[in-house]
Amino acid sequence: MKSNNNGSIKELATLVDSAASQACAITQLSAQGVSLSLAQAYQVQAASVAKRIARGEVQVGIKMGFTSRAKMLQMGVNDVIWGPLTDAMLIEEGAPLDLSRFIHPRIEPEIAFLLKKPLSGKISLLEARAAVEAIAPALEIIDSRYKNFAFSLEDVVADNCSSSGVVLGQWHSADIDIANIGMVMECNSQATQIGSSAAILGNPWRSLVAAARLAGEAGVELAAGSIVLAGAATAAEPLRAGCHIKLLTEALGSVSVSTLTDENGERADEK
Ligand code: OOG
Ligand code: MG
């Protein structure tokens, strides 16, 4: 690790973990003179997730990031990344969401897979399909712990890929064709992002194949019973107070979440 501010992996994990738990933005590690390799960034990620697990959180799955061109362009990076999701990140559909636990949250239209068999290493699309119990529409809430939601690839990996919340819709049969389904994300009944599942690596199933490959490279397994988020189909939208966000999909129904109005009772669309 080349760094002026010679933070060890553990110290850097503490830094991103406290920024997340206190909802307080920090300067990008790369801008603090910390130069991490991608492998070291994943070590920081693992050490920060280990802190969550030590506090009693349980890993429920993983998320894939930058699987669509829209997201890569929005954030200025061009590599697929991944990170663990824990039970503390699961947000119940219908329960009004208090945004005070976030720094500058954004929301993304996604698709989730529920695994019935473990996966790891190089697999075919057919093997990916055979390992899935069900598919659901999902909304992911990302919240970079870095100022201005700006980062290098290593910064965002160290920050567990901005993971902070997931709202899962109803599970559907894994036989439904999701290769190219319309996905519309609305805020207070106005469409804010319109896309297709095909934006996710050409077909969301490829994201599961990529997840298995990344797991294999890391020497771990995607466990049976776990969730795999395929990555956003469109760019992310800022998540504001007083908003009802709904993702409507062509074949998997819809999923929604409402945010509380802020202290002033102001509605997001009035800001
Ligand atoms: C990183 C997470 C990217 C996705 O779906 O592509 C991601 C970020 O943009 O902050 O979740
Ligand atoms: Mg995402």
Side-chain angles (χ1 to χ4, degrees), residues 16 19-20 23 25-31 36 38 41-42 44-45 48-49 60-86 89-91 102-113 135-169 178 183 185 192-211 214 226-239 245 247 249 252 255 257:
V16 287
I26 55 171
T27 301
Q28 291 69 14
L29 303 182
S30 54
L36 296 174
L38 192 57
Y42 276 110
V44 176
Q45 180 191 101
S48 80
V49 174
V60 294
I62 63 111
K63 65 164 282 177
M64 297 293 285
F66 305 135
T67 49
S68 69
R69 216 175 131 62
K71 276 291 305 183
M72 288 190 192
L73 284 174
Q74 183 180 32
M75 304 317 298
V77 295
N78 48 21
D79 255 320
V80 168
I81 58 174
W82 73 314
L85 299 171
T86 71
M89 298 173 189
L90 295 175
I91 294 165
F102 303 107
I103 303 168
H104 36 207
R106 294 181 178 178
I107 191 155
E108 305 176 321
E110 303 227 3
I111 286 174
F113 296 105
I135 318 174
L139 286 165
E140 187 189 18
I141 298 171
I142 52 171
D143 191 31
S144 176
R145 268 55 70 162
Y146 301 118
K147 288 177 186 156
N148 306 317
F149 222 116
F151 42 67
S152 66
L153 190 69
E154 292 77 17
D155 287 331
V156 68
V157 164
D159 181 28
N160 196 18
C161 311
S162 310
S163 304
S164 66
V166 186
V167 191
L168 293 170
I178 52 154
M183 296 175 71
M185 190 165 70
T192 51
Q193 289 289 340
I194 300 173
S196 157
S197 61
I200 305 164
L201 292 176
N203 172 355
W205 286 101
R206 291 211 184 104
S207 181
L208 186 53
V209 170
L214 288 170
S226 67
I227 293 159
V228 176
L229 270 190
T234 69
E237 280 291 318
L239 181 59
I245 308 286
L247 166 63
T249 74
L252 299 174
V255 54
V257 67

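Both counts, for ligands and for their atoms, begin at 1 and track the order of listing. Note that the numbering runs from 1 along the sequence shown for the chain.
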Show the atoms of ligand 1 that are less than 4.0 angstrom away from any heavy atom in M75. 9 (O)

Ligand 1 N/O within reach of A232 N/O, cut-off under 3.5 Å: yes

Without swapping roles, check the side chain of N203 against the backbone of W205 for a donor-acceptor pair under 3.5 Å. yes

Calculate, to the nearest 0.5 Å, the distance between atoms CG and CG belonging to L29 and D159 respectively. 8.0 Å

How is the N/O/S atom of E140 that comes nearest to the Mg ion (ligand 2) named? OE1

Answer side chain, backbone, both or neither: which part of K63 comes under 4.0 Å from ligand 1, heavy atoms only. side chain

Donor-acceptor check, side chain of Y42 to backbone of V157, threshold 3.5 angstrom: yes or no? no

I'd like to check which ligand 1 atoms, numbered from 1 as shown, lie under 4.0 Å from a non-hydrogen atom of I142. 8 (C), 9 (O), 10 (O), 11 (O)

Below a 4.0 angstrom heavy-atom separation, can you tell me which part of V156, side chain or backbone, both or neither, approaches ligand 1? side chain

Do side-chain atoms of S226 reach the backbone of G61 as a donor and acceptor pair under 3.5 angstrom? no

Rounded to the nearest 0.5 Å, what separation is found between the CD1 atom of I81 and the CZ atom of F66? 4.5 Å

Per-atom contacts, ligand 1 versus F151 - under 4.0 Å to a heavy atom: 8 (C), 9 (O), 10 (O)

Measure from the Mg ion (ligand 2) to every N/O/S atom of E110 and report the name of the nearest one. OE2

Closest protein heavy atom (residue, atom, distance) for atom 6 (O) of ligand 1: F66 N, 2.8 Å

For atom 10 (O) of ligand 1, which of the options A235, G65, S162 provides the nearest non-hydrogen atom? S162

Return the CG to CH2 distance between N160 and W82, rounded to the nearest 0.5 Å. 10.5 Å

4.0 Å heavy-atom contact, C161 with ligand 1: yes

Is any side-chain N of the basic residue among E140 and K63 closer than 4.0 Å to the acidic one's carboxylate O? yes

So does K71 pair up with E108, basic N to acidic O under 4.0 Å? yes

Only heavy atoms of K71, strictly under 4.0 Å: list the atoms of ligand 1 that pass. 3 (C), 4 (C), 6 (O), 7 (C), 8 (C), 9 (O)

Distance from T234 atom OG1 to I194 atom CD1, nearest 0.5 Å? 10.0 Å

Does E140 approach ligand 1 within less than 4.0 angstrom via side chain, backbone, both or neither, non-hydrogen atoms only? side chain

Would you check the N or O atoms of I81, main chain and side chain alike, for any that come under 3.5 Å of an N or O of ligand 1? no

Which of the atoms in ligand 1, numbered in the order shown and given with their element, are less than 4.0 Å from a heavy-atom of G231? 5 (O)

E110 side-chain N/O to A138 backbone N/O, donor-acceptor pair under 3.5 Å: no

Within-shell test, R106 vs ligand 1, heavy atom, strictly < 4.0 Å: no

With distance as the sole test, does H104 use its side chain to make a donor-acceptor pair with the main-chain N or O of S144 at under 3.5 Å? yes

Name of the E108 atom (N/O/S only) found closest to the Mg ion (ligand 2): OE1

